[in-house]
Each structure stands twice: as C-alpha cells, then as structure tokens.
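Take a look at the structure below.
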Amino acid sequence: MMHRPSVPELLKPGQSYYSLVVAVAKRAREIAQQADDNGDILLEKPVKMAVEDFAKGKYKLVESDDIGVIHDRRISHTDSMDLDED
C-alpha cells in the first residue's frame with residue numbers, strides 16, 4: 001500500500017490546486033467507468049486510485065498557458081434577450 005501523498009508532492013511550483021482536483025476527479029470517473037464497463041468490483045475508491053496514478057507518474061497534470069486568466073466576454077444583444085425571458 002502506498003503512502004498518502006500530500007498536495008505539494010503532487011504539484012510542481014506554480015501549478016494550480018484547482019487543476020489538480022479537476023484532473024484527479026476526471027481520472028477517478030474514468031477508473032469507475034472502466035470498472036463498470038468491465039464488470040469489475042473496485043477494492044479501493046476511484047479517487048484514491050487516481051491520486052496514486054498521479055503520485056506514481058502514470059498521469060501528469062498539464063495546464064494550459066492561460067490558466068487563471070479571466071477572458072472578457074461581452075454580452076451581445078441576443079444573449080441579453082435570452083437573459084430577459086422569465
């Protein structure tokens with residue numbers, strides 16, 4: 001059994017904790033879906049297995065260059081019309 005890795009062990013400097021959480025959740029869903037598709041019964045929780053995959057280097061966190069950048073999206077006239085419907 002592997003030790004429970006801490007967040008600093010999984011993140012490189014400058015990487016987002018939020019991105020790690022999303023990546024682990026996606027991997028955990030993938031693990032659960034594969035087990036379901038194959039009719040397998042998991043002995044460990046999918047999230048624990050996903051964290052171990054990242055800790056062992058089987059999966060790596062890759063962030064886009066614009067992570068954390070807020071994009072300015074202007075509401076067009078058609079968008080505002082959709083918002084007014086009640």
> Are Met49 and Val51 connected in the hydrophobic side-chain network, where two residues link if heavy atoms are under 4.5 Å apart?
Replying inline: no
Which side-chain N or O atoms in residues 28-42 pair as donor and acceptor under 3.5 Å with protein atoms at least two apart or in another chain?
| residue | atom | partner | partner atom | Å |
| --- | --- | --- | --- | --- |
| Glu30 | OE1 | Arg27 | NH1 | 2.4 |
| Gln33 | NE2 | Asp37 | OD1 | 2.7 |
| Asn38 | ND2 | Gln34 | O | 3.1 |

> Do Val24 and Tyr17 sit in the same hydrophobic cluster, where Ile, Leu, Val, Met, Phe, Trp and Tyr count as joined when their side-chain heavy atoms come under 4.5 Å apart?
Replying inline: yes
> What are the two closest heavy atoms between Leu10 and Phe54, and how far apart are they?
Replying inline: CD2-C, 4.1 Å
>> Hydrophobic cluster membership, with links at side-chain heavy-atom distances under 4.5 Å among I/L/V/M/F/W/Y: are Val7 and Tyr59 in one?
In response: yes
> Which ILVMFWY residues are connected to Leu43, directly or by a chain of links, through side-chain heavy atoms under 4.5 Å apart?
Replying inline: none
> Can you list every pair that meets salt bridge (charged side-chain N to carboxylate O under 4.0 Å, His left out) and has a residue in residues 5-26, with sequence neighbours left out?
Replying inline: none
